[in-house]
Number of protein chains: 2
Amino acid sequence: MSPESRLSWKDVRDQIHDAILSGRYGPGDRLPRDVDIADELNCARSTVQRAMQALSDSGIVERRRKGGTRVRPDPVTRATLDIPITRREVEQKGGRYGYQLIRRVEAVAPRGVLAACELTEPRTMLRVEALHLSDGRPYIFEDRWICLETVPEIGDVDLTGQNANEWLVQNKPYSRCDLRFYAVSADDSVADLLDAEPGAALFVIERTTWIDAAPITTVKAIATPGYQLLTRS
Amino acid sequence: MSPESRLSWKDVRDQIHDAILSGRYGPGDRLPRDVDIADELNCARSTVQRAMQALSDSGIVERRRKGGTRVRPDPVTRATLDIPITRREVEQKGGRYGYQLIRRVEAVAPRGVLAACELTEPRTMLRVEALHLSDGRPYIFEDRWICLETVPEIGDVDLTGQNANEWLVQNKPYSRCDLRFYAVSADDSVADLLDAEPGAALFVIERTTWIDAAPITTVKAIATPGYQLLTRS
DNA sequence: TGACAAATTAAGTGCGCACATATTAGCATT
DNA sequence: AATGCTAATATGTGCGCACTTAATTTGTCA
């Protein structure tokens, strides 16, 4: 009957969010049941449910069956990152993409690689070192280990022209992906490859992917100085 | 009538995901309309909608009204990061948290700070430099600029005992947050503060927050060597 | 007192419907 | 051909209902 149109779940989300921000509900406090909020705001419970899901996804509240909804006691900043394939990243910045295979050998994986893959038994893997170029200049150096048991086909692929990253993305989808970011000093060989000063601070992205429980690949991508990773706008 | 129970939206999501992974729908391809998928799988359209929303959120497909649903042409790795407040982070690793104010001055913000805040006109801000400690040892050095126009109350806060980060989190909620990650070499003063070798590679998190369009604070958090940022498990 | 079972509770999900909204495509007018 | 109106269309959203599931509380019995 009210002339104002119905509430959208985003309205509900914002109202609840505001109530939390204003301090009406502090960290750890329990919010009213969905059904009561729906009643108070005069909307359907499904609308409140949707709003609460959104708040739960952003890490603002925690929801548990029977336990109800609580304001997350330890506030976190939750951010979403998009990491495109390197070719795309270079081209989006207006650069001309290039790729150069440096080394391709089968070798016994060192402990660190096994650990990243969550493997306990040592095994032989395919190691691929390559350089991504932007306008002919070094952009990212990647040191990749590919699990031959999970991806036997990789043995037949010519990686001199074809980028291992892209081949894997297109031919070996993953179901899980772990990422790790840190900084490292350029040693002489990396400095040489990336055309950087030895000792320069470099940004590193380590990514490991699995299909179900089977590791596909783990890669250490070392960027040239000045590289920055931004949150999704 | 089939004895199997009804399909969950997660089942639908996984089926569509599998269809994409198997190559049945390639990058850029258009998927059937929700209603047709619902019909084929013998479930409600709302169930398909929910599944599609999830796939859209994970960056696997793109949906547009009237345009339909398409497999995202440029595959990305989408990851979610949780960045806790530093006290929490230290305590979760089993350390004893400490905090030390180094400097607190009002000063005209340099261009880089203004740019981070998306401000064009120069202005005076409050600069707070502080050290987060774990078990008495340096952990993160933060160099923060606080916008006095947005947060005038900060002038009355004693920041020698109270952590600016936590005060802001608890007293000045933000509606937008930008993050930026990169690597930097320790200059002499930072190396001294963090008890690191000069020139060591350090991981940096830059965070800027706004309430609506008004900037609250921008902070450069420089971590000690060895620091790693992981995706949410 | 403690262990286990049963009842209770609040969120999670599925369905079907109606309508809203954005975007494309088609058509007509200039 | 360029323009602008109109219709068609696929997703987005809201509602109400019934039922499921997980977790907590209560009750019972040893």
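Quick note: numbers below take in every heavy atom, side chains included, and nothing from hydrogens, waters or symmetry partners. Proteins come first, then strands; the chains are lettered A, B, ... in the order of their sequence lines, and each starts at number 1.
Looking only at distances, a side-chain donor or acceptor of B:Arg72 sits under 3.5 Å from a matching main-chain atom of B:Asp74.
Note: CG (B:Leu55) to P (D:dT11) measures 13 Å, nearest angstrom. Look at CZ on B:Arg63: it is 14 Å from P on C:dT23, rounded to the nearest Å. The CH2-C1' distance, from A:Trp9 to C:dG12, rounds to 17 Å in whole Å. As rounded to whole Å, 13 Å separates atom C1' of C:dG12 from atom CG of A:Asp57. Atom P of nucleotide C:dG16 and atom CZ of B:Arg6 are separated by 9 Å, given to the nearest angstrom. One can place CG of A:Asp36 at 13 Å from C1' of C:dA11, the figure rounded to the nearest angstrom.
Contact detail for B:Ile216 and B:Thr150: the closest heavy-atom pair is CG1-CG2, 4.1 Å. Minimum interatomic distance between B:Arg13 and B:Ala51 (heavy atoms only, all atoms of both residues): N-CB, 3.5 Å. Closest approach of B:Tyr174 to A:Val76, counting heavy atoms only: OH-O, 4.4 Å. Contact detail for B:Thr218 and B:Cys117: the closest heavy-atom pair is CG2-SG, 3.9 Å.
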Report summary line: Under a 4.0 Å heavy-atom criterion, the protein footprint on nucleotides 3-9 of chain D, written with B, S and -, is -----BB
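Once rounded to the nearest 0.5 Å, the distance linking SG of A:Cys147 with NZ of A:Lys172 reads 10.0 Å. Here OH of A:Tyr182 is found 15.0 Å from OH of B:Tyr227. Values are rounded to the nearest 0.5 Å. The NE2 atom of A:His17 sits 10.5 Å away from atom OG of A:Ser22, with the distance rounded to the nearest 0.5 Å.
Taking a 4.0 Å limit (strictly below) on heavy-atom distances, residues 43-54 of chain B reaches DNA chain D at B:Arg45, B:Gln49, B:Gln53. A heavy-atom distance below 4.0 Å to DNA chain D is reached by none of the residues of residues 11-25 of chain B.
When the side-chain nitrogen and oxygen atoms of A:Lys10 are compared with OP1 and OP2 of D:dG12, none of them lie within a distance under 4.0 Å. Considering only side-chain N and O atoms, B:Arg64 lies under 4.0 angstrom from the phosphate OP1 or OP2 of C:dT24.
Salt bridge annotation for A:Arg78-B:Asp82: present, with a cationic side-chain nitrogen under 4.0 angstrom from a carboxylate oxygen.
Heavy atoms of other residues, nucleotides or ligands lying less than 6.0 angstrom from NZ of B:Lys10 number 12 at most.
Residue contacts shown for B:Gly67 are absent, as no nucleic acid heavy atom lies under 4.0 Å away.
Taking the six-membered ring where the residue is Trp, B:Tyr97 and B:His132 present tilted rings, their angle falling between 30° and 60°.
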